[in-house]
Chemist: 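Got a structure here, written out as structure tokens. Questions coming.
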Amino acid sequence: MPFSVQIRSYAKINWTLDVLFKRDDGYHELRTIYQTVSLHDQLLITETSGAIEVVCDDPRVPTDETNLAFKATQSLREAKGTSKGARIEIQKHLPVAAGLGGGSSNAAATLLALVKLWKLQLDERELFRIAASLGSDVPFFLIGGTAIGVGRGEEVYPIEQMQCENLLLVNPGFAVSTRDAYEKLPRLTRRESASIIPLSLLAAKGISELPLAARNDLEAPVLAAYPEIAEVKRRLLSQGARHALMSGSGATVFGVFDNLHAAERCETELREAGYWAERVRAVDRHEYHATLFQ
Ligand code: ATP
């Protein structure tokens with residue numbers, strides 16, 4: 001009987017995303033506050049004698065060696081010099097290429113599951129190094145909860161955990177590539193605002209302060225190029241959201257609601273209008289780790 005591990009792969013939003021400048025290595029220097037939310041894919045990982053195989057119930061997700069869970073398996077195998085393999089079955093609940101970190105989360109969940117499945121002795125630093133080599137958002141998913149992301153987002157620090165029960169994720173049904181979103185940015189010269197202190201303060205003050213301070217530098221250029229995303233944001237705000245912001249590079253927009261009733265009503269209306277809409281809540285770091293292997 002082959003050994004298997006089940007693991008959740010949570011979605012994230014960005015409470016804020018500051019893009020400071022383009023670095024010499026071509027990446028953008030970021031300051032962001034990540035947040036895991038309750039929506040998650042489900043992964044079932046089974047040990048094989050050597051083959052790496054990915055299957056997914058969503059045809060938009062590649063199952064070849066470009067899948068980030070596949071890459072994670074390969075990288076871990078190389079780092080540990082093992083010949084073991086894995087079959088990764090992904091039940092997708094997250095929209096794809098949606099600014100919710102789906103691929104990155106699948107990669108991190110695969111790493112965590114394989115450490116268990118293959119019974120590896122692995123230094124945490126090595127795990128973070130492998131995660132960062134797979135993608136900028138991957139290390140965050142080793143931590144979860146509320147965390148500040150620095151650098152290209154791969155350097156993560158847990159901060160005061162935000163509580164937020166009534167969030168609504170809305171996706172207009174098309175993908176925005178992360179590369180495209182960054183290419184739409186105007187020339188950036190914000191080298192001076194590199195401090196992370198304002199972001200830590202925002203997290204310490206909590207959700208009530210968000211509407212005043214949070215922003216996503218990718219939002220204006222992406223909304224200008226995709227009026228449908230601007231329409232989603234407008235609808236969220238006109239239907240009772242206290243705050244609405246595009247997550248990551250889009251196209252998902254999240255709305256923050258004061259109560260369950262308002263969030264439910266907006267979810268129903270936006271679904272009737274043909275959008276993908278899903279009510280979620282913030283998942284803090286404690287809950288994240290307590291529920292990963294369920
Ligand atoms: P991020 O916010 O990290 O940029 P995203 O939510 O915008 O991510 P993903 O859902 O990670 O985007 O998908 C980006 C691309 O990655 C997709 O177009 C898809 O082809 C590819 N991909 C590779 N592996 C996966 C995976 N396991 N799940 C989803 N997409 C994947």
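We count ligands from 1, going down the list as the structure has it; atoms in each ligand are counted the same way. Residue indices begin at 1 and follow the sequence shown. Every value quoted in this text rests on a predicted model; they were computed, and no experiment measured them.
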Chemist: Does A97 have any side chain to side chain contact (heavy atoms under 4.5 Å, CB included) partners at least two apart in sequence or in another chain, and if so, which?
Modeler: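 Partners of A97 under the side chain to side chain contact (heavy atoms under 4.5 Å, CB included) test: A175.
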Chemist: Hey, which atoms in ligand 1 end up nearer than 4.0 Å to a heavy atom of T66?
Modeler: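 Contacts of ligand 1 toward T66, numbered from 1: 23 (C).
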Chemist: Parallel, tilted or perpendicular: which one describes the rings of Y10 and Y288, with boundaries at 30° and 60°?
Modeler: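 Judged by the thresholds at 30° and 60°, the geometry between Y10 and Y288 is tilted.
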Chemist: Provide the number and element of each atom of ligand 1 under 4.0 Å from a heavy atom of D137.
Modeler: 1 (P), 2 (O), 3 (O)
Chemist: Kindly compute the distance separating CG (L122) from CG (L127), expressed to the nearest 0.5 Å.
Modeler: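 Reported to 0.5 Å precision, the distance equals 5.0 Å.
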Chemist: Could you check N106 against D41 for side chain to side chain donor-acceptor pair (under 3.5 Å), going step by step and ending with a plain yes or no?
Modeler: CA-CA 8 Å; N106 287 179; D41 294 340; 3.1 Å; yes
Chemist: K12 heavy atoms, cut-off 4.0 Å: which ligand 1 atoms fall inside?
Modeler: 2 (O)
Chemist: Can an N or O of K92 be found at a distance shorter than 3.5 Å from an N or O of ligand 1?
Modeler: yes
Chemist: Has ligand 1 got any nitrogen or oxygen that is less than 3.5 angstrom from a nitrogen or oxygen of N67?
Modeler: yes
Chemist: Has ligand 1 got any nitrogen or oxygen that is less than 3.5 angstrom from a nitrogen or oxygen of A69?
Modeler: no
Chemist: Looking only at protein heavy atoms, which one is nearest to atom 11 (O) of ligand 1, and how far off is it?
Modeler: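 Result for atom 11 (O) of ligand 1: G103 N, 2.7 Å.
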Chemist: Considering only non-hydrogen protein atoms, determine which one is nearest to atom 7 (O) of ligand 1 and report residue, atom name and distance to 0.1 Å.
Modeler: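 The closest heavy atom on the protein side is G99 N, 2.9 Å.
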Chemist: More than 12 non-hydrogen atoms from neighbouring residues, nucleotides or ligands closer than 6.0 Å to CD on E124, yes or no?
Modeler: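 Not more than 12 within 6.0 Å, no.
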Chemist: Ligand 1 versus L94, non-hydrogen atoms closer than 4.0 Å: side chain, backbone, both, neither?
Modeler: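 Answer for L94: neither.
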Chemist: Among all protein non-hydrogen atoms, which one is nearest to atom 27 (N) of ligand 1, and what is the separation to 0.1 Å?
Modeler: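 Answer, as residue, atom name and distance: N106 OD1, 2.9 Å.
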Chemist: Please find out if less than 6.0 Å separates the ring center of F254 from that of W15.
Modeler: yes
Chemist: Please write down residue, atom name and distance for the protein heavy atom closest to atom 24 (N) of ligand 1.
Modeler: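 Atom 24 (N) of ligand 1 sits closest to the protein heavy atom L68 N, 3.0 Å.
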Chemist: Which of the numbered atoms in ligand 1 are under 4.0 angstrom from any heavy atom belonging to L100?
Modeler: 6 (O)
Chemist: Given A97, G250, S177, A181, which one has a non-hydrogen atom that is nearest to atom 10 (O) of ligand 1?
Modeler: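 Minimum heavy-atom distance to atom 10 (O) of ligand 1 goes to A97.
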Chemist: Side chains of V253 and S247, heavy atoms from C-beta outward: is any pair under 4.5 Å?
Modeler: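 Sidechains of S247 and V253: no contact.
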Chemist: In ligand 1, which numbered atoms sit nearer than 4.0 Å to a non-hydrogen atom of T178?
Modeler: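 In order of number, 4 (O).
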Chemist: Just jot down the ligand 1 atoms closer than 4.0 angstrom to any heavy atom of G102, in number order.
Modeler: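 Going through ligand 1 atom by atom, the ones under 4.0 Å from G102 are 6 (O), 10 (O), 11 (O).
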Chemist: Can you find a side-chain donor-acceptor pair between Q6 and Q42 that sits under 3.5 Å?
Modeler: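 Per modelled atom types, Q6 and Q42 side chains form a pair under 3.5 Å.
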Chemist: List the closest protein heavy-atom neighbour of atom 30 (N) of ligand 1: residue, atom name, distance to the nearest 0.1 Å.
Modeler: V96 CG1, 4.0 Å
Chemist: Against heavy atoms of S104, which atoms of ligand 1 measure under 4.0 Å?
Modeler: 3 (O)
Chemist: Checking the N or O distance criterion of under 3.5 Å, is ligand 1 in contact with G101?
Modeler: yes
Chemist: Taking only residues two or more places apart in sequence or in another chain, which ones pass side chain to side chain contact (heavy atoms under 4.5 Å, CB included) with S136?
Modeler: R152
Chemist: Tell me if the centroids of the rings in Y182 and H28 come within less than 6.0 Å of each other.
Modeler: yes
Chemist: For atom 4 (O) of ligand 1, is the nearest protein heavy atom under 4.0 Å away?
Modeler: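 At least one protein heavy atom is under 4.0 Å away.
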Chemist: Measure P62 to ligand 1 on non-hydrogen atoms and call it side chain, backbone, both or neither using the 4.0 Å cut-off.
Modeler: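 P62 to ligand 1: side-chain contact only, backbone stays beyond 4.0 Å.
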Chemist: Using a 3.5 Å distance criterion without hydrogens, assess whether the side chain of E219 forms a donor-acceptor pair with backbone atoms of M246.
Modeler: yes
Chemist: Taking the six-membered ring for Trp, are the ring centroids of Y34 and F141 within less than 6.0 Å of each other?
Modeler: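 No - the distance between ring centres of Y34 and F141 does not fall below the 6.0 Å cut-off.
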